[in-house]
4 protein chains.
Amino acid sequence: MARRLTPRGKERREQLMEVATRLFAQKGYHRTSVADVCDTCGVGKGVFYWYFDSKEALFNAILAGALHDLRRTQQRAIEPSPDPIERVTAGIEASLDFLAANDDLFNLIDFAGTDAHFSPVVRHGIDVVVDDTTRHLKEAIAQGAIPDADPYFLAHGITTITLTFVRRFLHRGSAEGTVDAVAVGRAAVAFCLHGIGLAAED
Amino acid sequence: MARRLTPRGKERREQLMEVATRLFAQKGYHRTSVADVCDTCGVGKGVFYWYFDSKEALFNAILAGALHDLRRTQQRAIEPSPDPIERVTAGIEASLDFLAANDDLFNLIDFAGTDAHFSPVVRHGIDVVVDDTTRHLKEAIAQGAIPDADPYFLAHGITTITLTFVRRFLHRGSAEGTVDAVAVGRAAVAFCLHGIGLAAED
Amino acid sequence: MARRLTPRGKERREQLMEVATRLFAQKGYHRTSVADVCDTCGVGKGVFYWYFDSKEALFNAILAGALHDLRRTQQRAIEPSPDPIERVTAGIEASLDFLAANDDLFNLIDFAGTDAHFSPVVRHGIDVVVDDTTRHLKEAIAQGAIPDADPYFLAHGITTITLTFVRRFLHRGSAEGTVDAVAVGRAAVAFCLHGIGLAAED
Amino acid sequence: MARRLTPRGKERREQLMEVATRLFAQKGYHRTSVADVCDTCGVGKGVFYWYFDSKEALFNAILAGALHDLRRTQQRAIEPSPDPIERVTAGIEASLDFLAANDDLFNLIDFAGTDAHFSPVVRHGIDVVVDDTTRHLKEAIAQGAIPDADPYFLAHGITTITLTFVRRFLHRGSAEGTVDAVAVGRAAVAFCLHGIGLAAED
DNA sequence: TATGAATGAGTATTCATTCAT
DNA sequence: TATGAATGAATACTCATTCAT
């Protein structure tokens with residue numbers, strides 16, 4: 001691949017990725033065929049293989065993009081603050097917002113994590129996020145802001161809680177239907193802050 | 001279905017379920033064919049359909065069994081204690097032990113949660129566990145053992161953390177390889193206890 | 001085959017044939033499995049193959065029986081009369097009655113006629129009936145009761161009309177639902193008698 | 001389905017239908033596999049499902065085409081004549097010619113009539129033909145050309161006789177082999193005309 | 001770039017038949 | 001006689017991928 005694309009070509013590629021993201025999220029990767037994607041776009045199969053080497057390559061492209069966007073969003077939210085705990089909080093909130101707003105991407109990441117072919121990519125993406133968080137926690141521990149504990153474990157706990165609160169409370173699967181996203185976010189953040197040993201202050 | 005089975009038949013059925021569990025966990029549900037299962041068992045394809053209506057039915061049977069066993073394990077560990085916090089702790093530890101010991105089942109539950117066809121079953125199974133935990137947390141809140149917060153959210157946080165620490169640290173996916181399971185368990189429990197607002201005591 | 005059967009064995013065999021007749025008529029020969037027949041009877045598969053060499057053999061047994069009964073019914077109705085035209089009329093009426101009363105058998109005969117494996121049997125069965133009719137018609141022509149025409153053709157016409165009026169007007173397929181069977185019979189007979197050249201007298 | 005086809009595609013589709021028609025007629029619908037059709041055409045299995053949704057859909061397409069062609073043939077033969085009896089006669093003759101010339105189609109229609117899945121289509125096709133005939137007979141009765149009788153029954157009789165004379169005398173199933181098609185046609189027409197009450201004039 | 005057509009290995013499932021008990 | 005279990009070839013259908021135009 002690594003084709004040089006005309007502007008029109010770029011649009012096509014993006015269109016295919018968007019449509020595929022939606023279909024993969026709705027029906028699952030294995031239950032979505034290349035033909036489904038092409039038909040939904042209204043293009044022939046040749047087009048698909050012009051832009052992507054394979055169905056798997058398409059999924060990887062989507063996945064990498066999603067993880068990259070997630071991280072960039074977090075970093076943007078984090079950068080300005082000088083206080084490590086505030087940075088962690090901002091990161092959690094940014095993640096919650098991003099995943100709540102991009103539930104298709106969330107579904108794909110979630111699935112990819114369980115599939116032998118794709119989980120390494122997800123694992124790596126999450127590791128990057130966890131490493132970020134770990135740095136902030138180390139700083140907080142050094143400052144004595146939170147008790148001394150393995151910051152890596154704590155960072156995983158935080159990341160995990162974030163993802164799962166999204167999965168459980170902010171997505172269509174939710175039986176409750178109309179949950180207050182803000183309340184969920186607050187609860188997640190509180191759980192995490194307590195989890196890392198910060199005394200409750202709310 | 002709902003066939004009356006001879007002892008030999010029961011054995012066969014169990015053999016098929018065990019083999020399928022292993023293969024599904026290794027290669028994934030969609031990448032494992034009925035033929036794979038039959039070949040591994042060394043039986044003809046007809047045998048499979050003598051015992052199960054479909055590949056999907058087999059998976060559901062495995063899934064339901066796994067969720068049922070998980071809950072029973074937790075309940076056994078929980079029952080004796082009068083202190084709600086101790087019960088929650090025992091539940092977390094029992095879950096960690098069970099899932100660490102049955103990593104194939106854990107993989108299946110994990111995948112099932114991301115698949116539109118199976119996620120309702122998983123969701124329900126988890127809800128049952130969460131409801132158990134919620135009860136204990138309510139009691140703890142009533143006793144003033146932990147701060148007043150939505151026990152349902154807390155219970156979800158606990159369940160999630162438990163599952164994910166298993167996923168990340170106790171299974172083959174782990175790059176580290178030789179993690180100290182006991183340390184992981186302690187970390188998970190600590191994070192959860194803090195998360196629900198219990199003051200650190202270690 | 002040609003097994004010697006105990007009284008109980010005979011009952012079993014007949015039960016299997018009756019159940020199979022019903023199922024074949026309802027769902028069609030190819031869409032009915034041996035397992036369907038056995039399950040409906042509540043017996044194991046071994047029983048089936050104890051009484052019949054194969055599914056095909058079972059069908060042939062049913063078919064032969066049906067054709068035999070049809071002919072015997074006609075002959076009984078025909079015998080007493082000295083007038084050939086009356087005998088033909090009686091034959092038509094007896095056939096109509098028999099087929100109307102045994103619509104399962106009618107369906108099987110009908111299907112068998114279109115299936116390469118079974119049509120020779122049906123053809124032969126119908127030839128026997130047609131030959132009977134041909135004899136009566138020859139006699140009628142010799143007596144000058146009806147115009148001189150190829151009696152074999154006429155006999156075929158009569159047989160055919162009879163079968164089709166049954167198919168169209170007396171069976172479940174009929175949209176009309178509540179047709180007067182007697183009127184249908186009269187119409188069929190009238191058409192046939194005219195068809196062979198008898199002047200209308202009604 | 002409802003694909004837009006290139007000229008080449010149209011050819012392929014027709015080729016598949018022709019080959020399938022031949023095979024269905026020879027071996028029967030249920031005994032002909034999709035693989036048989038593809039192999040005979042020398043194409044891969046995917047091709048079949050590019051043009052048809054299923055084996056059943058293919059059969060329905062063939063069936064509908066056959067019934068449509070039959071009717072069009074009859075109408076063309078009938079149109080010119082002002083005399084209702086002549087029109088009926090022309091219709092019978094046209095049907096005989098058409099079915100004699102397209103014995104594969106005749107076989108399929110015949111089978112379809114006995115199969116629960118397809119018989120409604122056949123029934124409807126025949127009803128259309130019968131309705132045509134009924135109109136002519138009504139006119140003939142009004143003119144006093146034939147005795148007053150239920151024209152609907154008469155029309156069924158005619159249609160039936162026509163079909164069966166074809167089945168019995170003009171097709172390969174026939175033991176006689178070399179029958180004079182013209183004589184058969186005359187006999188069929190004569191039987192029908194007498195059947196509706198027209199005095200013999202030959 | 002794009003399309004419709006073609007490929008063919010692969011999938012779940014069925015079913016007539018056989019067999020050990 | 002009867003049963004449940006087993007066989008395995010056959011079946012309809014799918015789908016990622018390739019290719020001629």
Side-chain angles (χ1 to χ4, degrees), chain A residues 3 5-6 8-9 12 30-38 42-58, chain B residues 3-13 30-38 41-58, chain C residues 3 5-6 8-9 12 30-38 42-58, chain D residues 3-13 30-38 41-58:
Chain A
R3 237 181 252 292
L5 298 173
T6 65
R8 188 184 167 201
R12 258 288 137 83
H30 292 289
R31 292 180 155 102
T32 302
S33 69
V34 172
D36 286 337
V37 176
C38 293
V43 303
K45 293 230 190 92
V47 169
F48 182 93
Y49 285 93
W50 178 259
Y51 292 105
F52 299 97
D53 279 338
S54 66
K55 185 185 171 188
E56 204 174 317
L58 162 67
Chain B
R3 239 178 250 291
R4 230 165 303 146
L5 297 175
T6 63
R8 187 188 173 193
K10 273 186 193 167
E11 266 178 49
R12 252 293 131 81
R13 204 185 123 97
H30 292 288
R31 292 181 156 99
T32 302
S33 70
V34 173
D36 286 338
V37 176
C38 294
C41 282
V43 301
K45 277 197 214 143
V47 168
F48 182 92
Y49 289 94
W50 178 260
Y51 293 103
F52 300 97
D53 278 336
S54 64
K55 185 185 168 186
E56 202 174 320
L58 162 66
Chain C
R3 238 180 251 292
L5 299 172
T6 64
R8 187 187 169 199
R12 257 290 136 84
H30 292 288
R31 293 181 157 101
T32 302
S33 68
V34 172
D36 285 338
V37 176
C38 293
V43 301
K45 293 231 190 92
V47 169
F48 182 93
Y49 286 93
W50 178 259
Y51 292 105
F52 300 97
D53 279 337
S54 66
K55 186 185 170 187
E56 203 174 318
L58 161 67
Chain D
R3 238 179 251 292
R4 230 164 303 146
L5 298 175
T6 62
R8 188 186 170 193
K10 272 186 194 168
E11 267 178 47
R12 252 295 132 78
R13 205 185 124 98
H30 290 289
R31 292 179 155 100
T32 301
S33 70
V34 172
D36 286 338
V37 176
C38 293
C41 282
V43 300
K45 275 194 217 147
V47 168
F48 182 92
Y49 289 94
W50 178 260
Y51 293 103
F52 299 98
D53 278 337
S54 64
K55 186 185 169 186
E56 203 174 318
L58 162 67

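In what follows, every chain begins at residue 1, and chains take the letters A, B, ... in the order their sequences are listed. Side-chain atoms are counted along with the backbone in the values below, which use heavy atoms only and exclude waters and symmetry mates.
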Side chain to side chain contact (heavy atoms under 4.5 Å, CB included) filter on A:S33, not counting sequence neighbours, yields A:A35, A:D36

Hits for side chain to side chain donor-acceptor pair (under 3.5 Å) against D:R13, two or more places apart or cross-chain, chain-then-number order -> none

| request: Report yes if a side-chain nitrogen or oxygen of C:W50 is closer than 4.0 Å to either non-bridging phosphate oxygen (OP1 or OP2) of F:dT1; otherwise report no. | output: no

Hits for side chain to side chain contact (heavy atoms under 4.5 Å, CB included) against D:Y49, two or more places apart or cross-chain, chain-then-number order -> D:V34

Output for pair (D:K55 NZ, D:T32 OG1), nearest 0.5 Å, gives 6.5 Å

Pairing string of DNA chain F (Watson-Crick or G-U wobble, both atom distances under 3.5 Å; | = paired to other strand) is .||||||||||||||||||||

Ring pair (Phe, Tyr, Trp, His ring centres under 6.0 Å) filter on A:F48, not counting sequence neighbours, yields A:F52

Side chain to side chain donor-acceptor pair (under 3.5 Å) filter on A:S54, not counting sequence neighbours, yields none

In numerical order, the residues of residues 5-12 of chain D whose heavy atoms come under 4.0 Å of DNA chain E are D:L5, D:T6, D:R8, D:G9, D:R12

Hey, does D:F52 reach any base, or is it just sugar-phosphate, or nothing, if we go heavy atoms under 4.0 Å? nothing

From the list B:R4, B:K10, B:R8, side-chain contact (heavy atoms from CB on, under 4.5 Å) partner of B:T6 resolves to B:R8

Between the protein and nucleotides 15-19 of chain E, which nitrogen or oxygen pairs are less than 3.5 angstrom apart?
residue: E:dA16; atom: OP1; partner: C:K55; partner atom: NZ; Å: 3.0
residue: E:dA16; atom: OP2; partner: C:V34; partner atom: N; Å: 2.7
residue: E:dT17; atom: OP2; partner: C:Y49; partner atom: OH; Å: 3.0
residue: E:dT17; atom: OP2; partner: C:K55; partner atom: N; Å: 3.1
residue: E:dT17; atom: O4; partner: C:K45; partner atom: NZ; Å: 3.0

Rounded to whole Å, the CZ-P distance (D:R13 to E:dG4) equals 16 Å

Note: A:C38 and A:G44 closest approach over all heavy atoms is SG-O, 3.9 Å

